Amino acid sequence: MKGDSQTPLVAHIIYALGTGGLENGLVNIINRAPRKRYRHAIICLTDADDFASRITAPGVEIIQLHKKPGHDIRLYWRLLKTLKRLKPVIVHTRNLTSLEMQALTFFLPGVRRIHGEHGRDIHDLDGSNRKYNFLRKVFRPFIHCYIAVSHDLGQWLKTVVGVPSEKVKQIYNGVDIERFLPAAHKNAALLPANFLPRDAIVIGAVGRIAEVKNQRSLILAVDQVLKAKPELVDRLRVMLVGDGPLLAGIKTLVSDLRLSDIIWLPGDRTDIPQLLQQMDIFVLPSLAEGVSNTVLEAMATGLPVIATRVGGNPELVEEDVNGLLVDVDDSQQLAKALLKLIEQPELRQGLGQQGLKKVSETFNWQKTVAQYLAVYDEVLQTERKK
């Protein structure tokens, strides 16, 4: 690994390095951190895909351990050898999938342990799973600091997992306001031919096509909107950007509801900032959420946001200020919210402007990176005082 070996190394252990909010945050922190403060290495328990090319910071080693499905015993040996070679001063795990790997740090004298909570998946939507929480509580005494990306997750760590308040830091992700910004007009050339009518209203969502993201609810809501207002079929268009295990099922649902002419499913894309600029309304219909990077990016683009009232979403979206909140998995309520914004262009514009203002004031990467570095400094200073 290139770089000054005297500069302390942070080893980030994650499940995989691919498209996702957790991974996007990690890459942004590494790219934006001062080079002389800390070195970084990313250890993927499984694999890294083309998303790894977004790392522009020099000397960042990316290690893939190629975990096999199920309980791969040899994974622990491979990880331990990797950690002994890297000699990190801090091991930073994220989410439950990597938490147990902190056990291997007991073989590394003096290492400091940080664990981040970025949101939960379909198997533990509200963080009440007893087996998972037992594991979290087992590791609780050995983690020196926890980082929660939302106040909601921070409170859960304190009240459910039982982490002492002084061990919990809450740090929001930032958003790149130089990449994500409003556009003066739509660019139909980015979309399929003849997809975008002149007076189109475009509803959009960006995210992994997975059960927890619940794009199905949005499709059902769009179907209800068109049944209530059939005349909108000539203007209403929907863009669902992303890939994932449920993409085939989502395509089938779109076909069964005869919505293929108005719903575009482009898969994963690298031009997300430009695609957001083609939208009029952004929707996040998740069943669970930490703090959504895509919501922040939509706000930075000047879009009004409709999000489910769950996790950290209410910390980003203020009802009737910069967006609307709806109950989880309630396509009927979502349809009503969509109709409200479809029929009131002035409201859309006002909510979008307030979202843009909130992002510029509260969510910036410079502030986020400074807070992460302060946590690293603090845990190392605690070790030196002993």
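Numbering starts at 1 and runs along the sequence shown. Keep in mind the model is a prediction, meaning the values are calculated, not measured. Note that these values count all heavy atoms, side chains included, but never hydrogens, waters or copies made by symmetry.
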*May I ask whether I209 and L334 are part of the same hydrophobic cluster, defined by side-chain heavy atoms of I, L, V, M, F, W, Y residues being less than 4.5 angstrom apart, directly or through others?*
yes
_D327 versus Q333, side-chain donor and acceptor atoms under 3.5 Å_ = yes
*asked:* Keeping D271 on the side-chain end and Q274 on the backbone end, is there a donor-acceptor pair under 3.5 Å?
replied: no
_Looking only at the side chains, is there a donor atom on one of R130 and N133 sitting less than 3.5 Å from an acceptor on the other?_
no
*Basic-acidic side-chain contact under 4.0 Å: R235, D280*: no
_Can you confirm whether more than 12 heavy atoms, excluding those of E319, are under 6.0 Å from its CD atom?_
yes
*Once you round to the nearest 0.5 Å, how far does CZ of R113 lie from NE2 of H92?*
14.5 Å
*Could you tell me whether the side chain of I43 reaches within less than 4.5 Å of the side chain of L86, counting heavy atoms only?*
yes
*So which of N24, T368, N293, N28 actually passes side chain to side chain donor-acceptor pair (under 3.5 Å) with N173?*
N293
*Between S255 (side chain) and K251 (backbone), is there a donor-acceptor pair under 3.5 Å?*
no
*Is the side chain of K167 donor-acceptor paired with the backbone N or O of R140 at a distance under 3.5 Å, no angle test?*
yes
*Give a yes-or-no answer on whether the side chains of N95 and T97 include a donor-acceptor pair shorter than 3.5 Å.*
no
